[in-house]
Amino acid sequence: MQDIKVFEGAHCTNCGEPLQGAYCHRCGQSVHSVLRPMHGLVEETVETVLHIDSRILHTVPKLFLKPGFLTLEYFAGRRIRYIAPFRLMFVLCLLTFFALHWSVDNISTIDSGLSKIENSATPDTSNFADAHTPEQVRQSLQKRLQDLDQVRQAPNVPTLAIEQIDRSERILRKQANQRLSELGAPPLPVPATSSRLPAATSTAATPASQEADSDTLASRIEANWKAFAKGNARERSAARRRMTDGVFGTLPQALLLMAPLFALLLKVFYLFKRRLYMEHLIVAMHSHAFLFLSVLLITGVGLLSHWLTPHAAWLEHPLSWLMRALLLWIPIYLLWMQKRVYRQGWPATIWKFLFIGTLYSVLLTTVVMVGVALGMAH
């Protein structure tokens, strides 16, 4: 428990004004010194950025379990116990897309089929001692390189596996040259630039006119898609990563714009309620915060299912039903929230909910498509 500090008789070190609390009422400077242990500065930084304190315990459970409660509390002036609507929506948006991006990038490494690829990407790199002639060395090397190429050309090969394949190829060539040297034969020629190099090298010989157009949105999308659809394994992996990073870098910003658009729809459909636009905006921000939280939970349950069911098959059905319950809770929550906040009868609430939901879905689809297009041009 912290001791109560008395500031009577103390003066502000900045302007000399007598202090009545922890902050000067004239210039606003804090009485607390910045000369403190490093852990104190770290705690203050986390507090400033995310504002993580006891308010999160009052906010998140009520946000998810009590439709409209936070909004009504905010309208009633009881705000100090809860995280502000925009901060809540913003932090949950970042956490949600971080989780989605992480799961998309790592789900292939969890897949049971990945182990076969990784095992194939690490072939037998023992020396060529069993080869007694230079021709046998070259044939043995050629066979092993063909095995590597088959793995390299497989679909959806992770970047780490491709790096392992390249490393194995270098080891094989080095050992083959050592054996050829022992047999008195010349070393293997340095391999020419091939299609196994990154996409940047394979597209370096494009015409000047194409290079001039490379900064346009359509050409960047086309280049990424061609590399993803028709390129070799490394090109596909690089293009997929570029597009994934671009999409997940663009969508959070795009979806944050949906809150003011949703508030505008609420303003139009509840015009005769004579509420300020800011009131509708608070409803929209709490609604989107709930949506982000729901997607975050669904993503977490999906990852748990992917991790645990291979080891405990009995968890598959409970986790599957939990995901269905979370999905079903979303429309029930939003309808119930709209009913509690705007206090209209069920028939009017339902038809407005359906109309607003339809228009919102159209807007959301448009914004997502634009965000995906911008991301694919990354």
Novice: With the side chain counted from C-beta on, respond yes when Phe75 and Val341 share a heavy-atom pair under 4.5 Å apart, and no when they do not.
Specialist: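 Yes. Closest side-chain heavy atoms under 4.5 Å.
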Novice: State the OG1-CG distance between Thr59 and Leu92, to the nearest 0.5 angstrom.
Specialist: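 Rounded to the nearest 0.5 Å, the OG1-CG separation comes to 10.0 Å.
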Novice: Answer yes or no: are there more than 12 heavy-atom neighbours, outside Leu65 itself, under 6.0 Å from its atom CG?
Specialist: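 Count over threshold, so yes.
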Novice: Quick check: closest heavy atoms across Arg179 and Glu182, and the distance to 0.1 Å?
Specialist: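 Closest approach of Arg179 to Glu182, heavy atoms only: NH1-OE1, 2.9 Å.
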Novice: Provide the closest heavy-atom pair for Val283 versus Met337 in the form atom of the first, atom of the second, distance.
Specialist: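 So the two residues come closest at O-CE, 3.6 Å.
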Novice: Could you pull out all residues at least two apart from Leu251 that satisfy side-chain contact (heavy atoms from CB on, under 4.5 Å)?
Specialist: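 Leu251 satisfies side-chain contact (heavy atoms from CB on, under 4.5 Å) with Phe97, Val247, Val368 only.
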Novice: Just jot down the ring pair (Phe, Tyr, Trp, His ring centres under 6.0 Å) partners of Phe248, sequence neighbours excluded, or say none.
Specialist: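 In terms of ring pair (Phe, Tyr, Trp, His ring centres under 6.0 Å), with neighbours along the sequence ignored, Phe248 is linked to His101.
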Novice: Is it true that, when you exclude Phe90 itself, more than 12 heavy atoms of the residues, nucleotides or ligands shown sit nearer than 6.0 Å to its CZ?
Specialist: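 No, CZ of Phe90 has 12 or fewer neighbouring heavy atoms, counting only those of other groups under 6.0 Å.
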Novice: Heavy atoms, side chains only, cut-off 4.5 Å: are Val91 and Phe292 in contact?
Specialist: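 Counting from C-beta outward, Val91 and Phe292 never come under 4.5 Å.
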Novice: For Pro67 and Arg340, work out which heavy atoms get closest and say how close.
Specialist: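 Smallest heavy-atom distance, with atoms named: O-NH1, 2.9 Å.
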Novice: The criterion is ring pair (Phe, Tyr, Trp, His ring centres under 6.0 Å); which residues satisfy it with Trp336, sequence neighbours excluded?
Specialist: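 None.
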Novice: Tell me, which pairs form a salt bridge (charged side-chain N to carboxylate O under 4.0 Å, His left out) where one or both residues lie in residues 66-85, sequence neighbours left out?
Specialist: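 Passing the test, one end in residues 66-85: Glu73-Arg78.
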Novice: Donor-acceptor pair, distance only, cut-off 3.5 Å: does the side chain of Thr299 make one with the backbone of Ala99?
Specialist: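 Side chain of Thr299 to backbone of Ala99, a donor-acceptor pair under 3.5 Å: no, none is there.
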Novice: Applying side-chain hydrogen bond (donor to acceptor under 3.5 Å, both in side chains), can you list everything that pairs with Tyr333, at least two apart in sequence or on another chain?
Specialist: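 side-chain hydrogen bond (donor to acceptor under 3.5 Å, both in side chains) check on Tyr333 returns nothing, list empty.
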Novice: When you compare the side chain of Ile356 with that of Tyr270, does any pair of heavy atoms fall below 4.5 Å?
Specialist: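 Tyr270 vs Ile356: side chains touch.
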Novice: Keeping the roles fixed (side chain from Tyr74, backbone from Pro85), state whether a donor-acceptor pair exists under 3.5 Å.
Specialist: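 No, Tyr74 side chain to Pro85 backbone: no donor-acceptor pair under 3.5 Å.
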Novice: Kindly give the heavy-atom pair with the smallest separation between Phe353 and Pro331, and that separation in Å.
Specialist: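 It is CZ-O, 3.8 Å.
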Novice: Any side chain to side chain donor-acceptor pair (under 3.5 Å) pairs touching residues 361-375, not counting sequence neighbours?
Specialist: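 Output for this query is empty, none listed.
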Novice: Quick check: does any side chain N or O of Lys339 sit under 3.5 Å from a backbone N or O of Gly345, one acting as donor and the other as acceptor?
Specialist: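 Flag not set: sc Lys339 to bb Gly345 has no pair under 3.5 Å.
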Novice: Kindly say whether Leu100 contributes a backbone atom to a donor-acceptor pair with the side chain of Ser103 at under 3.5 angstrom?
Specialist: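 Checking the backbone N and O of Leu100 against the side chain of Ser103, a donor-acceptor pair under 3.5 Å is found.
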Novice: Given the rule that I, L, V, M, F, W and Y join up when any side-chain heavy atoms are under 4.5 Å apart, are Ile350 and Leu359 in one cluster?
Specialist: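 Yes.
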Novice: Test the Lys62-Tyr82 pair against the cation-pi criterion, namely NZ or CZ under 6.0 angstrom from the six-membered ring centroid and within 45° of the ring axis.
Specialist: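 Because its charged atom misses either the 6.0 Å distance or the 45° angle limit, Lys62 does not stack over Tyr82.
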Novice: Can Ile332 be reached from Leu322 by stepping across I, L, V, M, F, W or Y side chains whose heavy atoms are under 4.5 Å apart?
Specialist: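 Linked, Leu322 and Ile332 end up in one cluster.
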Novice: Any chance you could measure Met258, atom CE, to Cys93, atom SG, to the nearest 0.5 Å?
Specialist: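 The CE atom of Met258 sits 12.5 Å away from the SG atom of Cys93.
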Novice: Yes or no on side chain to side chain contact (heavy atoms under 4.5 Å, CB included) for Leu145 and Arg173, after CA distance, side-chain angles and deciding distance?
Specialist: CA-CA 9 Å; Leu145 292 182; Arg173 290 184 178 277; 3.5 Å; yes
Novice: My understanding is that only residues two or more places apart in sequence, or in another chain, count here; which of them pass side-chain hydrogen bond (donor to acceptor under 3.5 Å, both in side chains) with Ser294?
Specialist: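 Result, side-chain hydrogen bond (donor to acceptor under 3.5 Å, both in side chains) vs Ser294: none returned.
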Novice: Drop me the distance from Lys352's NZ to Tyr342's OH, to the nearest 0.5 angstrom.
Specialist: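 It comes to 9.5 Å.
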Novice: Transitively linked via ILVMFWY side-chain contacts under 4.5 Å: Val362 with Leu291?
Specialist: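 No, no single cluster joins them.
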Novice: Could you tell me whether the side chain of Leu255 reaches within less than 4.5 Å of the side chain of Leu364, counting heavy atoms only?
Specialist: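 Yes. Closest side-chain heavy atoms under 4.5 Å.
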Novice: In chain order, what residues pass the side-chain hydrogen bond (donor to acceptor under 3.5 Å, both in side chains) check against Tyr360, with sequence neighbours excluded?
Specialist: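 Here the qualifying residues are His288.
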Novice: Could you walk me through whether Gln338 and Leu334 pass side chain to side chain contact (heavy atoms under 4.5 Å, CB included), step by step?
Specialist: CA-CA 6 Å; Gln338 191 170 321; Leu334 295 175; over 6 Å; no
Novice: Give every residue pair that meets the salt bridge (charged side-chain N to carboxylate O under 4.0 Å, His left out) criterion with at least one member in residues 13-30, sequence neighbours excluded.
Specialist: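 Sorted pair list: Glu17-Arg26.
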Novice: So, the side chain of Arg144 versus the backbone of Leu172: is there a donor-acceptor pair under 3.5 Å, distance only?
Specialist: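 Looks like no, no N/O pair under 3.5 Å.
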Novice: What distance do Leu94 atom CG and Leu296 atom CG have between them, rounded to the nearest 0.5 Å?
Specialist: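 The distance works out to 11.5 Å.
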Novice: To check you understand the geometry: which heavy-atom pair defines the closest contact between Cys24 and Cys15, and what is its length?
Specialist: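 Heavy atoms only, the tightest pair is SG-SG, 3.6 Å.
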Novice: Crowded around Trp346 CH2? As in, over 12 foreign heavy atoms under 6.0 Å?
Specialist: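 Counting other residues, nucleotides and ligands, CH2 of Trp346 exceeds 12 neighbours.
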Novice: For Phe98 and Trp102, what are the C-alpha separation, side-chain angles and deciding distance, and is it a ring-ring contact (aromatic ring centres under 6.0 Å, His included)?
Specialist: CA-CA 6 Å; Phe98 173 80; Trp102 186 87; 7.8 Å; no
Novice: Holding to ring pair (Phe, Tyr, Trp, His ring centres under 6.0 Å), I want the full list of residues that pass it with Phe269, two or more places apart in sequence or in another chain.
Specialist: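 None.
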Novice: Which pair of heavy atoms, one from Leu188 and one from Ala176, lies closest together, and at what distance?
Specialist: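 Leu188 and Ala176 have their closest heavy atoms at CD1-CB, 3.9 Å.
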Novice: Decide whether Leu266 and Leu276 are clustered together by the hydrophobic rule: side chain heavy atoms of Ile, Leu, Val, Met, Phe, Trp, Tyr closer than 4.5 Å, transitively.
Specialist: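 Unlinked, Leu266 and Leu276 end up in two clusters.
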Novice: Quick one: does Ser320's side chain get under 4.5 Å of Ser305's, heavy atoms only?
Specialist: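 No, side chains not in contact.
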Novice: CE of Met285 to CG of Leu281: how many Å apart, nearest 0.5 Å?
Specialist: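 The CG atom of Leu281 is 4.0 Å from CE of Met285, to the nearest 0.5 Å.
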Novice: Can you confirm whether Ile330 sits close enough to Leu326 that some side-chain heavy atom of one is under 4.5 Å from a side-chain heavy atom of the other?
Specialist: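 With C-beta onward as the side chain, the pair stays apart.
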Novice: Looking at side-chain heavy atoms only, is the closest gap between Leu265 and Phe355 below 4.5 Å?
Specialist: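 Leu265 does not reach Phe355 side chain to side chain.
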Novice: Keeping to residues at least two apart or across chains, list the salt bridge (charged side-chain N to carboxylate O under 4.0 Å, His left out) pairs with something in residues 264-290.
Specialist: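 For residues 264-290: Arg275-Glu279.
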Novice: Could you state the interatomic distance from OG (Ser287) to CG (Leu63), rounded to the nearest 0.5 Å?
Specialist: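 One gets 9.0 Å once the value is rounded to the nearest 0.5 Å.
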Novice: For residues Trp314 and Trp307: do they belong to one hydrophobic cluster (side chain heavy atoms under 4.5 Å, members Ile, Leu, Val, Met, Phe, Trp, Tyr)?
Specialist: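 Yes, Trp314 and Trp307 fall within the same hydrophobic cluster.
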Novice: Do the non-hydrogen side-chain atoms of Ser181 and Pro187 ever get within less than 4.5 Å of each other?
Specialist: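 SC-SC contact between Ser181 and Pro187 ruled out.
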Novice: Tell me the salt bridge (charged side-chain N to carboxylate O under 4.0 Å, His left out) pairs involving residues 313-326, sequence neighbours left out?
Specialist: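 Matches after skipping sequence neighbours: none remain.
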